[in-house]
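Inspection log for the structure reproduced underneath, given as C-alpha cells.
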Amino acid sequence: MLRTRKLFSYLSRRSLSSALYITGDKAKEQYAPLVPYLDFQAKLSDLEKLQHNLKLRRYQLDFEALKQQWDLYRSIELRKREIEVRRVQLRDEINKSKNEDEIKQLKMQATLAKDDLKTLKESGYAVADKFVAGTFLSIPNELHERTPDGQEVVLYEQGSSKEASPIGEKWLEKYDSTCFYMTEDAALMDLFIPMNCAGVLQDAGYVLFSNPDFVRSVLVEAAREDPHSIYQINEEVGLDHKLNLLHLCGGGSMLSFLGYLTKLSVFPSALPLRLVAIGKQYFYNKTQTSAVQMLGAARESLEAVQIFDETIELYKRFYDQLELRYRMVQVPAHQLEASEAMRVDVELYSPRSEGFVKVGNICYYADFISKRIAFNYHEGKAQKFPHLVSGTVLRANDLIEVLLQHGVRYEDLKFLKR
C-alpha cells in the first residue's frame with residue numbers, strides 16, 4: 001500500500017482550463033487530441049426545456065449568465081463569418097477589376113478585413129473559453145421520459161433474506177477505506193463470480209473485452225466524471241501547465257471503454273455493439289474492487305433503450321442465481337450524474353445495515369458522450385452519433401460483503417461450479 005501511494009498522487013485542486021476543449025491561443029502549448037462535436041442547436045434552441053431539465057436535476061447553473069455568454073459568443077461567431085464572406089467578395093472583386101486605383105483600394109480593404117478578423121479571433125478566445133469550456137460543456141444531459149421527477153421507483157424485487165449466521169469479515173483484511181485483501185472463500189468468490197457474471201452476458205451475444213486501466217483527463221471530462229474522484233498518475237513532467245493528465249480508473253469501469261470509442265467512425269452495419277469487460281475499478285474514497293462493466297452502442301434512441309431493457313433482464317438472470325433479496329430501482333432525476341439520461345440501480349438487502357446496498361447499475365447516456373468523444377457513423381453525408389448504454393453489472397466487493405453477511409460461503413454458490 002505504501003508503494004502504491006508513492007506511485008499515485010491525487011489530483012490537486014488547481015484551476016485548469018478544459019482538456020476537452022482547447023482554444024486556438026493554447027494550441028501552441030497544448031496538444032488537442034480530440035475535438036468534441038458542439039451541438040449548440042440541440043442544447044440551446046429550447047431554453048425553457050433546458051431550464052426545466054436543470055430544475056428537475058436540482059443542478060446548479062447560472063441560467064442568466066449562460067444566456068448572456070451564449071449571446072456574446074454567437075455575436076462574435078456571426079461577425080467572424082461576415083468578415084470571412086467580405087474577404088471572399090473582396091478577393092473576387094480584385095480578380096475581376098482592371099482599374100489599378102480600384103485594385104489598390106480593394107487590397108487596402110482586404111488588409112483591414114484580415115486585421116479585423118485576427119483581432120476578433122484573439123479577443124474571442126477568452127469568450128469561447130469561458131462559454132464553451134466553462135459553461136456549455138457543463139450542461140447536463142437531457143432526461144429520458146422514463147426518469148422519475150421525484151422519488152425512486154422500485155421496478156422489480158425478488159427473493160428473501162436467508163436465515164443464516166453471518167460470517168462477518170473473517171476473510172476480509174481491511175487496511176483503509178480504499179483497500180482490503182480477500183482470503184479463502186472471499187477470494188474464490190472474487191475470482192469466479194465476475195467470470196460467471198460476464199459469462200451470462202456473453203451467452204446473450206456480448207463480446208468480451210480487455211480494457212486499459214488508464215485514461216487521460218480528456219476522457220474523464222468527456223464522461224463528466226469528477227477528476228478529483230479518480231487517482232492521478234504522478235508523471236512528474238510539466239504538471240503545472242499540462243491539461244491532459246493520466247488517471248488510474250481500472251479496466252472494469254465505463255471510462256476504460258471510451259479510449260476504444262474515441263474518434264471512432266463505424267459503418268452503420270457495425271451497430272449495435274454489445275461489449276463486456278472484467279477488471280478493476282479504482283476511485284478515490286471508494287474501495288478498490290473487481291467489477292464487470294457492460295457497454296452497448298446503437299444507432300438511435302429506441303434501439304439503445306431496447307438494449308437497456310434487454311440488459312436489465314440479463315442482470316435479473318445473474319442475480320436470481322444468488323437466491324437473495326434484491327431489487328432494481330429507477331433513479332430519480334436529482335440523483336442522476338450529469339452525463340446520465342436514465343439509470344437503474346441494483347440493490348441487495350444487507351442484514352447489517354437493515355437496508356438495501358447498491359451493487360450495480362445500468363445507465364442510458366443517449367448521444368451525450370458520443371458527441372463529446374467524436375464517436376460517429378454516417379448515413380449518406382450526414383454524420384450521426386451512436387446512443388450509449390453502460391453499467392456496472394456488479395461491484396464484487398460490495399456483493400461479497402453482503403453474501404458474507406447472509407452467511408453464504410463459496411460452496412453454497414452452486415451455479416459457480418456448473
Side-chain angles (χ1 to χ4, degrees), residues 11 13-47 49-51 53-54 59-88 112-142 216-227 238-245 258 262-263 338-339 366-376 383 385:
L11 182 62
R13 295 186 178 274
R14 55 196 172 100
S15 179
L16 288 177
S17 298
S18 171
L20 183 61
Y21 178 77
I22 297 177
T23 52
D25 57 330
K26 299 186 182 72
K28 294 181 180 180
E29 299 176 359
Q30 303 288 342
Y31 170 65
L34 172 64
V35 179
Y37 179 78
L38 302 175
D39 197 347
F40 298 121
Q41 182 64 27
K43 289 285 186 184
L44 302 174
S45 60
D46 189 341
L47 294 180
K49 181 179 179 181
L50 172 58
Q51 196 167 22
N53 179 12
L54 299 176
Y59 190 86
Q60 298 300 317
L61 190 148
D62 191 334
F63 197 73
E64 291 303 317
L66 167 65
K67 291 195 291 183
Q68 293 174 7
Q69 291 173 18
W70 168 230
D71 290 339
L72 180 58
Y73 176 84
R74 187 166 43 180
S75 66
I76 291 175
E77 291 300 309
L78 179 60
R79 180 58 183 152
K80 283 161 62 175
R81 286 196 292 270
E82 290 174 349
I83 294 175
E84 290 283 9
V85 170
R86 180 55 180 158
R87 290 182 68 194
V88 172
L112 291 172
K114 180 181 178 181
D115 291 342
D116 287 346
L117 184 60
K118 181 180 178 181
T119 302
L120 193 60
K121 283 183 176 179
E122 290 176 351
S123 62
Y125 288 142
V127 174
D129 193 45
K130 185 174 182 179
F131 169 64
V132 179
T135 304
F136 180 76
L137 288 175
S138 68
I139 295 175
N141 200 353
E142 293 183 16
R216 288 286 179 182
S217 299
V218 64
L219 297 183
V220 175
E221 189 176 341
R224 285 301 308 274
E225 292 281 356
D226 180 5
L239 289 180
D240 289 340
H241 302 289
K242 190 172 183 179
L243 298 179
N244 202 16
L245 306 173
L258 298 188
T262 297
K263 298 171 69 173
S339 59
D367 57 3
F368 181 85
I369 293 178
S370 294
K371 288 178 177 177
R372 294 163 75 95
I373 65 173
F375 174 36
N376 66 88
Q383 184 184 54
F385 299 89

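Since the structure is predicted, the reported quantities are computational estimates derived from the model, not experimental observations.
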Nearest 0.5 Å, what's the [atom1]-[atom2] distance between [X] and [Y]?
X: E221; Y: S138; atom1: CD; atom2: OG; value: 10.0 Å
X: L78; Y: I83; atom1: CG; atom2: CD1; value: 10.0 Å
X: L245; Y: R216; atom1: CG; atom2: CZ; value: 7.5 Å
X: E142; Y: D367; atom1: CD; atom2: CG; value: 8.5 Å
X: T119; Y: E122; atom1: OG1; atom2: CD; value: 6.0 Å
X: L258; Y: I373; atom1: CG; atom2: CD1; value: 5.0 Å

In the structure I gave you, are the side-chain heavy atoms of [X] and [Y] within less than 4.5 Å of one another anywhere?
X: L47; Y: F63; value: yes
X: F131; Y: W70; value: yes
X: L66; Y: I139; value: yes
X: Q68; Y: L72; value: no
X: V132; Y: F40; value: yes
X: L137; Y: L38; value: yes
X: V127; Y: Q69; value: no

Taking the six-membered ring for Trp, are F136 and Y73 ring centroids under 6.0 Å apart?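 That pair fails the under 6.0 Å test.
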Donor-acceptor pair, side chain of [X] and main chain of [Y], under 3.5 angstrom:
X: K43; Y: P140; answer: yes
X: S123; Y: L120; answer: yes
X: R224; Y: S339; answer: no
X: N244; Y: V218; answer: yes

Determine, step by step, whether E84 and R81 satisfy the salt bridge (charged side-chain N to carboxylate O under 4.0 Å, His left out) criterion, reporting the C-alpha distance in whole Å, the side-chain angles of both residues, the deciding distance to 0.1 Å, and the verdict. CA-CA 5 Å; E84 290 283 9; R81 286 196 292 270; over 6 Å; no
For the student: nearest non-hydrogen atoms of D226 and V220, plus distance: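 The answer is C-CG1, 4.5 Å.
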In short, Q383 meets F385 closest at the heavy-atom pair OE1-CZ, 3.5 Å
For the pair E77 and R74, find out whether any cationic side-chain nitrogen is under 4.0 Å from an anionic carboxylate oxygen. no
Other residues, nucleotides and ligands only: do more than 12 of their heavy atoms fall within 6.0 Å of NZ on K80? yes
